[in-house]
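Model, not experiment: these values are computed from the prediction.
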Amino acid sequence: MITKENILAIAKKTILSESEAITKLIDFLDENFYEAVQRIYETKGRLIVTGIGKSAIIAQKMVATFNSTGTPSMFLHASEAIHGDLGMIQNEDIIICISKSGNSPEIKALVPLLKRFGNTLIGMTGNITSFLAKGSDYVLNTTVETEACPINLAPTNSTTAQLVMGDALAVCLMEMRDFKPEDFAVYHPGGALGKKLLLRVKDMIEHSLKPTVSPDTSVKKVIFEISEKRLGVTAVVENDKIVGIITDGDIRRMLNDRDTIADLTAKDIMSKNPKLVSPETMAVDALNILEDFSITQLIVADQGEYKGVLHLHDILKEGIV
């Protein structure tokens, strides 16, 4: 009978087995790895990554990582390559061929064809005496002693090792290219990640209302202004300069403390030196300010000119949290 304890023990054993397998990859990093990185970095062509079976799936993930981090890459399925897809390979392209055994029929058929084109071939394999290893210009050793699979057949440790070796290549290339967050943003313009990297405050206040009162405005009119603009806040502006801020929280605290408001004006209840952000501020940075000071609104100003109000809800609606 399989119990909860058995299941958790199996899961822990699997994770431990895979973690040990990838730790041993450190010992396999040698001149081959260095030269492979150099060749990829220096090429004017693309990086073609190919494989068969589970290795093909790893190859696709590697291509996705390379493309998003500045190394133009394409996936080539090993079995389709010999049926016409070899035509995608150009003269200066570098090829990574992934195979655990390095001896599968598809790989044995593909390697001589790849070599015929004269491209640099990088073999990623768990068998350094294999057909693939012997036919490659550089060999990335991803040998694992066993699979995490209880019958030692399903690719588990081996595919994880391939994935990690691919990540090591990608990260080295990122460092060599001095790849920055703004570069990453260019390749990730969509979705939550893209918005975190690209969205600025000005993009969210284009149609923002600008609740405004003067220091001498009566509190009654201040309340009307906050209610009408529905942003829970108003800026206090004097001589075109932002001198304070009044939030709906300030209004509630004032009403709790006083029996009458007839004699009060905006300057009596405003908070001086409000937190300001410029329109060019990244949305994610504005969010950090809101969180750091436990507030929900920020006044937006461009060189002192009042531009609008950024509300926490504006950021939440963009889905970057």
Over all atoms of both residues, closest heavy-atom pair of Arg177 and Gly70: NE-O, 3.5 Å
Nearest non-hydrogen partners of Val139 and Asn32, listed with the distance: N-OD1, 2.9 Å
Over all atoms of both residues, closest heavy-atom pair of Asn67 and Ser73: OD1-N, 2.7 Å
Exam field: side chain Thr23 to backbone Ser19, donor-acceptor pair closer than 3.5 Å: yes
Cluster link Leu290 to Leu316, ILVMFWY, side chain under 4.5 Å: yes
pair Ile246-Ile269: side-chain heavy atoms closer than 4.5 Å: yes
Trace of the side chain to side chain donor-acceptor pair (under 3.5 Å) decision for Asn127 with Thr129: CA-CA 5 Å; Asn127 181 358; Thr129 63; 2.9 Å; yes
Closest contact, heavy atoms only, Pro215 versus Val237: CD-O, 3.6 Å
Modelled atom types, side-chain donor and acceptor of Asn103 and Ser101, under 3.5 Å: no
Residues, nucleotides or ligands: over 12 heavy atoms within 6.0 Å of Ile289 CD1: yes
ILVMFWY network linking Val111 to Ile48, side-chain heavy atoms under 4.5 angstrom: yes
Single-linkage hydrophobic cluster, 4.5 Å side-chain cutoff, Leu173 and Ile98 together: yes
Lys307/Glu305 ion pair, N-O < 4.0 Å: yes
OG1-CD1 distance between Thr234 and Ile245, expressed to the nearest 0.5 angstrom: 8.5 Å
Side chain to side chain, Asn288 and Glu291, heavy atoms closer than 4.5 Å: yes
Residue pair Cys97 / Leu132, side-chain heavy-atom distance below 4.5 Å: yes
Side-chain touch Lys272/Val243, heavy atoms, less than 4.5 angstrom: no
Short side-chain donor-acceptor distance under 3.5 Å, Arg46 and Thr71: no
Worked verdict on Thr50 versus Ile96 for side chain to side chain contact (heavy atoms under 4.5 Å, CB included): CA-CA 6 Å; Thr50 186; Ile96 296 178; over 6 Å; no
Aromatic plane relationship, His313 with His311 - under 30° parallel, 30 to 60° tilted, over 60° perpendicular: tilted
Lys115 atom NZ, over 12 foreign heavy atoms within 6.0 Å: yes
Under 3.5 Å donor-acceptor, Tyr306 side chain and Thr212 backbone: no
Ile7 side, atom CD1; Ile2 side, atom CD1 - distance, nearest 0.5 Å: 6.5 Å
Exceeds 12 heavy-atom contacts within 6.0 angstrom, atom CG of Asn6: yes
Closest non-hydrogen atom pair between Val300 and Val309, with its separation: CG2-C, 4.4 Å
Pair Thr142-Gln162, side-chain donor/acceptor within less than 3.5 Å: no
Thr143 (side chain) donor-acceptor with Asn141 (main chain) under 3.5 angstrom: no
Whether Thr43 side chain and Asp93 backbone form a donor-acceptor pair below 3.5 Å: no
Residues Asp250, Arg253: salt bridge by 4.0 Å N-O rule: yes
Asp27 CG: over 12 foreign heavy atoms closer than 6.0 Å: yes
Check: Asn119 side chain, Gln90 main-chain N or O, donor-acceptor pair, under 3.5 Å: yes
Side chain proximity check, Phe131 to Ser104, heavy atoms < 4.5 angstrom: no
Short side-chain donor-acceptor distance under 3.5 Å, Glu147 and Ser158: yes
In one Ile/Leu/Val/Met/Phe/Trp/Tyr side-chain cluster, 4.5 Å: Leu110, Phe75: no
Stepwise side chain to side chain donor-acceptor pair (under 3.5 Å) test for Lys61 and Thr65: CA-CA 6 Å; Lys61 189 275 175 186; Thr65 299; 2.9 Å; yes
ILVMFWY network linking Leu29 to Tyr41, side-chain heavy atoms under 4.5 angstrom: yes
Residues Asp268 and Thr265: side-chain donor-acceptor under 3.5 angstrom: yes
For Arg39, all residues meeting side chain to side chain donor-acceptor pair (under 3.5 Å), sequence neighbours excluded: Glu35, Glu42
Sub-4.5 Å side-chain heavy-atom contact between Leu310 and Ile315: yes
Counterpart residues, side chain to side chain donor-acceptor pair (under 3.5 Å), relative to Glu225 (two or more places apart): Lys229
Inter-residue atom distance Leu169.CG - Thr69.OG1, 0.5 Å rounding: 10.5 Å
Test side chain to side chain donor-acceptor pair (under 3.5 Å) applied to Glu238 and Ser214, step by step: CA-CA 6 Å; Glu238 184 176 29; Ser214 71; over 6 Å; no
Intermediate values then yes/no, side chain to side chain contact (heavy atoms under 4.5 Å, CB included), Thr125 and Lys100: CA-CA 5 Å; Thr125 180; Lys100 177 187 176 182; 6.0 Å; no
From CA spacing to verdict: side chain to side chain donor-acceptor pair (under 3.5 Å), Ser17, Asn157: CA-CA 7 Å; Ser17 178; Asn157 289 359; 2.9 Å; yes
Met176 vs Val37 side-chain heavy atoms within contact, under 4.5 Å: yes
Residue pair Glu18, Ile22: steps toward the side chain to side chain contact (heavy atoms under 4.5 Å, CB included) verdict: CA-CA 6 Å; Glu18 297 208 11; Ile22 62 175; 5.8 Å; no
Spacing of Ser130 atom OG and Ile107 atom CD1 [to the nearest 0.5 Å]: 9.0 Å
Interatomic spacing from CG in Leu86 to CG in Leu114 - rounded to 0.5 Å: 6.0 Å
Thr281 side-chain N/O to Val277 backbone N/O, donor-acceptor pair under 3.5 Å: no
Value rounded to 0.5 Å, distance of CD1 in Ile122 from OG in Ser136: 8.5 Å
Thr14 side chain near Thr156 side chain, heavy-atom distance below 4.5 Å: no
Enclosure of Asn256 CG (heavy-atom neighbours >12, cutoff 6.0 Å): yes
Residues which pass side-chain contact (heavy atoms from CB on, under 4.5 Å) with Glu280, listed by chain and number, not counting sequence neighbours: Arg200, Lys202, Ser278
Heavy-atom pair with the smallest gap, counting every atom of Gly166 and Met124: N-CE, 4.1 Å
